[in-house]
Amino acid sequence: MRKLLSFLGLAIAILVLITVFSLQFFKITPQSKMETLENGWVVMYRGQRYINTNLERLSEQVGYTFSRGDIITLNMNRPLQNLECDFPYLFFKTQFCAYEVFLNDQLIEASDLDALDSNRFVGTGYNMVPLGEDYVGKKLSIKLYVTENSTRVDMVSPTIGSFDDLARRLIYGALFPLFTGIFLILFGQVFLVISLTFYLRTSGVRVQIISSIISVLLGFWIVTAFDVSDFMIKKSAATLISYGSIYLIIPCIYLLLNELHRRQDNTLLRIMGFSTLGFSALFIILHILGLVHINHFIYPYYVLSFAGILIFLYYVWTDIRSRKRNASVNIIMLGLFVLSMCLVLYVGIALSMKLVDYRQSFLATISIPTGAIFFVITQLLNYFIFMTHSFAQRKEYASLSQIAFEDTLTGLFNRVKSDEKMAELDKTGDDFCLISLDLNGLKAVNDNAGHPTGDRLLRSFANALYTTFNSIGTCYRIGGDEFLVITSTTDKATIDSLLQQLDKKLLDLDESDPEINHSVSYGYAFRSETSENEAHAAFMLADKKMYNYKRKYYSHMMKR
C-alpha cells in the first residue's frame with residue numbers, strides 16, 4: 001500500500017507540473033487590440049428599458065430566467081472603436097437563443113430564427129460573427145429570441161477583436177479542461193480496448209470496462225461543457241453531447257458500485273442503476289426524435305444525482321465500518337469519491353445560477369478536470385494491482401499445469417497429457433503414428449545400483465528420446481519405464497531411421513556411463529493399421545509390437 005500511495009502522490013505532482021507548464025507555455029500575447037464590451041449596454045425587454053447594463057449581472061434587473069418567445073434587444077450605447085486588427089470578429093455566448101446582429105441597424109448575421117416556429121433545438125455555445133472592415137464608428141445591436149423556457153438571463157460579455165486572437169483566448173481560458181477532456185477520451189478508448197481484450201481471457205475486469213466508459217463520458221462532457229468544441233461542431237450537437245454524457249455518468253457509477261460490492265445485497269443499487277439508465281436513454285431518444293429537448297430533464301437529473309450521492313456515501317460508510325482490506329476496491333472508491341465531489345460542485349454551480357461560463361470560475365476550471373484526472377489515476381493504480389494479481393495467478397496456474405501435465409524427473413509430458421492428446425487426435429480424421437517404448441532392465445538397475453542410478457538412467461534416456469524425436473513429434477513418460485512418442489509423420493522409413501539414431505545414442509551412453517546398460521524396446525503403429533481407426537487401438541497395437549521386441553531382446557540376452 002505504501003508503494004501505491006507513493007505512486008499516487010507522484011502522479012498528482014506530475015499532474016500539477018503539467019498544468020502549470022501548459023498554462024505558461026500556451027499563454028498568448030494578442031497580436032492586436034481586443035475589447036470586451038462589459039458595460040454600457042441598453043437592454044430592451046418586455047417593454048422595459050434598462051440603461052448602462054452589465055450583461056453578466058442582468059439578472060439583478062430583470063430576474064433569473066427568460067421564457068420561450070421572449071425577445072431581448074441589446075444595444076451598445078457607444079460606437080465601436082478601431083482596434084486595428086485583421087479579420088475583426090464579434091464573439092458572444094448564447095443559451096438557447098436564436099439571434100440577429102446589427103451594425104447601425106443593418107443586419108450582418110442571423111442564426112437559428114427558424115427554431116422559433118419549428119421547435120428545433122438550438123443549444124448553447126459561442127457564436128463567431130464577422131464584423132467586416134467598416135465596423136469602426138458603428139453601433140452594435142444584438143437581438144436574442146429565446147427558444148426554451150427557464151433560459152438563463154446572465155450572459156458572457158461580448159468581445160471584439162481579431163479572429164485568431166479571440167479564438168486563442170477562448171481556448172486558453174479552458175486549456176486545462178481541453179487537454180483533460182481529450183486525454184480522457186483517448187485514455188478511455190484505449191483502456192476499454194485493453195480491458196475488453198482481457199475480458200475475453202480473464203474474469204474480473206468489468207470494473208476496468210465500466211471505468212473506461214466513465215472516462216470517455218467525462219471527456220466528452222468536459223470538452224463540450226467548457227465550450228472548446230464550438231470550433232468543430234454545432235452548438236446543438238455539442239449541447240446534446242454535454243447533456244447526454246452527464247446523464248449517462250450516473251448509471252455508470254451505479255454499475256461500478258455494484259461491481260465493487262458484489263458480495264453485498266445491492267438490490268436498491270440495481271434498481272437505481274437500471275432506473276437512471278432507462279431515464280437517461282429515454283431522455284436522449286426523446287430529444288433525437290424531436291419530441292422533448294434534452295435540457296428539460298436537467299432538474300430530474302439533479303434529483304437522481306442527489307439520490308446517487310446519498311447512496312454512494314452510504315457505501316463509503318459501510319466500507320469504512322467493515323474496514324475493507326481490498327486495496328483495489330479502496331482505490332476505485334477513493335477516485336469515485338473525488339469525482340462525485342466534483343460533480344456535486346458542478347450541480348451546485350448550476351443551481352446557484354452564478355456562472356454562465358465555467359471560465360468565470362478558476363475553481364470550476366481546475367477542480368472538475370482535476371477530479372476526472374484523479375479518477376483516471378485511481379484506474380491506473382487499480383489496473384496495476386489487477387495486473388500484479390493476474391500475473392501471480394498465471395504464475396501459479398503455470399506451476400500447477402507443470403505439476404499436472406509434466407513428469408518432474410524427466411521433464412517430458414506425462415500420461416495425463418498423452419491421454420489428452422490422443423483424445424484430440426480421435427476428433428480428427430488424420431493419420432498418425434504412436435511409438436511405444438519400454439526401458440530394458442530399469443528394475444535391475446534400481447535393485448543393484450540404487451534408485452539414484454535408476455533416475456540417472458531415466459533422465460539420460462529421456463534426453464536421448466527428446467533430442468531424437470522432438471523435431472517430428474511429442475515425447476511422453478507414461479509410466480515408470482514406459483514412454484510414448486506421438487507424431488503425425490506416417491513415413492516408415494523416417495521412423496525407422498530415427499529409431500536407429502536412438503539406438504546409436506544409447507550405445508554412446510553405454511560408453512560414457514558403463515555402470516548402466518542403456519537399451520530400449522519399442523514398437524510403433526499407425527492409426528490406419530487398426531480396424532477401429534482410433535488412438536487407443538493404435539496404442540495397443542504399438543504396445544503389442546513393443547512387447548514382441550522385448551521378448552526377442554531378452555531371449556537374445558539369455559542365449560548370450
Side-chain angles (χ1 to χ4, degrees), residues 402-403 405-419 421-422 432-527 529 535 538-560:
Q402 184 175 4
I403 295 172
F405 299 119
E406 187 177 298
D407 177 56
T408 55
L409 178 63
T410 63
L412 302 179
F413 288 123
N414 60 15
R415 177 138 202 166
V416 175
K417 194 68 174 178
S418 70
D419 291 343
K421 179 64 177 178
M422 287 195 290
F432 53 85
C433 178
L434 299 181
I435 307 173
S436 177
L437 306 101
D438 195 284
L439 273 176
N440 298 323
L442 176 63
K443 185 177 183 303
V445 172
N446 285 331
D447 293 341
N448 299 325
H451 284 279
T453 306
D455 290 346
R456 193 168 80 243
L457 170 60
L458 286 168
R459 283 193 295 267
S460 59
F461 171 75
N463 181 63
L465 181 67
Y466 179 82
T467 55
T468 303
F469 286 97
N470 182 54
S471 60
I472 67 163
T474 308
C475 304
Y476 305 85
R477 184 189 178 196
I478 60 175
D481 55 2
E482 300 172 58
F483 293 82
L484 177 68
V485 176
I486 302 177
T487 174
S488 59
T489 300
T490 56
D491 181 39
K492 293 184 63 176
T494 300
I495 295 172
D496 288 335
S497 175
L498 291 173
L499 288 171
Q500 290 175 11
Q501 292 180 30
L502 178 63
D503 286 333
K504 185 178 184 308
K505 289 181 180 180
L506 296 180
L507 290 174
D508 294 338
L509 287 172
D510 281 341
E511 294 180 2
S512 62
D513 190 3
E515 184 183 359
I516 306 173
N517 177 35
H518 300 81
S519 67
V520 66
S521 299
Y522 47 75
Y524 62 85
F526 300 97
R527 178 183 192 173
E529 291 183 72
F539 174 71
M540 296 302 294
L541 180 58
D543 214 38
K544 181 179 179 182
K545 292 181 179 181
M546 181 272 294
Y547 279 112
N548 289 337
Y549 185 104
K550 185 178 282 289
R551 279 194 295 270
K552 292 179 182 179
Y553 170 80
Y554 280 111
S555 176
H556 175 70
M557 292 298 294
M558 289 177 65
K559 289 180 181 179
R560 289 182 60 187

Colleague: So, the side chain of D510 versus the backbone of H518: is there a donor-acceptor pair under 3.5 Å, distance only?
Modeller: yes
Colleague: Rounded to the nearest 0.5 Å, what's the gap from CG on L458 to NE2 on H451? Could you check?
Modeller: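 These two atoms lie 11.0 Å from each other.
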Colleague: Do F483 and F461 make the cut of ring centroids closer than 6.0 angstrom?
Modeller: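 They qualify: ring centres under 6.0 Å apart.
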Colleague: Quick one: do Y522 and V485 satisfy side-chain contact (heavy atoms from CB on, under 4.5 Å)? Show the steps, please.
Modeller: CA-CA 10 Å; Y522 47 75; V485 176; over 6 Å; no
Colleague: Would you call E515-R456 a salt bridge at under 4.0 Å N-O?
Modeller: yes
Colleague: Does any donor atom in the side chain of S460 or N463 lie under 3.5 Å from an acceptor atom in the other side chain?
Modeller: no
Colleague: For the residue pair S521 / N440, report whether a side-chain donor-acceptor contact shorter than 3.5 Å exists.
Modeller: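 Short answer, yes.
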Colleague: Is there a donor in the side chain of Y476 and an acceptor in the side chain of D419, or the other way round, less than 3.5 Å apart?
Modeller: no
Colleague: Answer yes or no: is there an ion pair linking E406 with R477, defined by an N-O contact shorter than 4.0 Å?
Modeller: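 Salt bridge between E406 and R477, a charged N being under 4.0 Å from a carboxylate O: no.
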Colleague: In the structure I gave you, are the side-chain heavy atoms of I478 and N414 within less than 4.5 Å of one another anywhere?
Modeller: no
Colleague: So, taking the atom named OG in S418 and the one named CD1 in I486, what distance separates them when rounded to the nearest 0.5 Å?
Modeller: 6.0 Å
Colleague: Yes or no on side-chain contact (heavy atoms from CB on, under 4.5 Å) for K544 and N548, after CA distance, side-chain angles and deciding distance?
Modeller: CA-CA 6 Å; K544 181 179 179 182; N548 289 337; 4.2 Å; yes
Colleague: Taking it one step at a time, do D438 and Y553 satisfy side chain to side chain donor-acceptor pair (under 3.5 Å)?
Modeller: CA-CA 12 Å; D438 195 284; Y553 170 80; over 6 Å; no
Colleague: Is atom NZ of K550 surrounded by more than 12 heavy atoms (other residues, nucleotides or ligands) closer than 6.0 Å?
Modeller: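 Yes, because the 6.0 Å sphere around NZ of K550 holds more than 12 heavy atoms from other groups.
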Colleague: L457 and I516: which non-hydrogen atoms are nearest, and at how many Å?
Modeller: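 Scanning both residues, the minimum pair turns out to be CD1-CG2, 3.6 Å.
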Colleague: Would you mind telling me which of T487, T494, T489 makes a side-chain hydrogen bond (donor to acceptor under 3.5 Å, both in side chains) with D491?
Modeller: T494
Colleague: Applying the side-chain contact (heavy atoms from CB on, under 4.5 Å) test to L484, which of L434, I435, L437 qualifies?
Modeller: L434
Colleague: Considering only NZ, NE, NH1 and NH2 on the basic side and carboxylate oxygens on the acidic side, decide whether D508 and K504 come within less than 4.0 Å.
Modeller: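 Here D508 pairs with K504 in a salt bridge, since their nearest N and O are under 4.0 Å apart.
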Colleague: Between L412 and A462, which heavy-atom pair has the shortest distance, and what is it?
Modeller: CD1-CB, 3.8 Å
Colleague: Nearest 0.5 Å, please: how far is CD1 in I472 from CG in N470?
Modeller: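 Atom-to-atom, N470:CG and I472:CD1 are 10.0 Å apart.
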Colleague: If you round to the nearest 0.5 Å, how far is CD1 of I495 from OG1 of T490?
Modeller: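 Result: 7.5 Å between the selected atoms.
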Colleague: Find out whether L409 and R459 are in side-chain contact, i.e. whether some heavy atom of one side chain is under 4.5 Å from a heavy atom of the other.
Modeller: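 In short, these two side chains touch, coming nearer than 4.5 Å.
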Colleague: For A538 versus A525, what's the shortest heavy-atom pair and its separation?
Modeller: O-CB, 3.5 Å
Colleague: Under a 3.5 Å cutoff, is there a donor and acceptor pairing between the side chains of T468 and K505?
Modeller: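 Yes - a donor-acceptor pair under 3.5 Å links their side chains.
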Colleague: Would a 4.5 Å heavy-atom cut-off, applied to side chains only, mark F413 and K421 as touching?
Modeller: no
Colleague: D447 vs K443, test: salt bridge (Lys or Arg N to Asp or Glu O under 4.0 Å). Steps then yes/no.
Modeller: CA-CA 6 Å; D447 293 341; K443 185 177 183 303; 2.9 Å; yes
Colleague: Which value, rounded to the nearest 0.5 Å, describes the distance between Y549 atom OH and S436 atom OG?
Modeller: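 Going from OH on Y549 over to OG on S436, the span is 13.0 Å.
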Colleague: Measure the spacing between OG of S519 and CG of L442 and express it to the nearest 0.5 Å.
Modeller: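 The distance works out to 10.5 Å.
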Colleague: Answer yes or no: is there a donor N or O on one side and an acceptor on the other, between the side chain of D543 and the main chain of M546, under 3.5 Å?
Modeller: no
Colleague: More than 12 non-hydrogen atoms from neighbouring residues, nucleotides or ligands closer than 6.0 Å to CZ on F526, yes or no?
Modeller: yes
Colleague: Once ring pair (Phe, Tyr, Trp, His ring centres under 6.0 Å) is applied, do any residues pair with F539, and if so which ones, sequence neighbours excluded?
Modeller: none
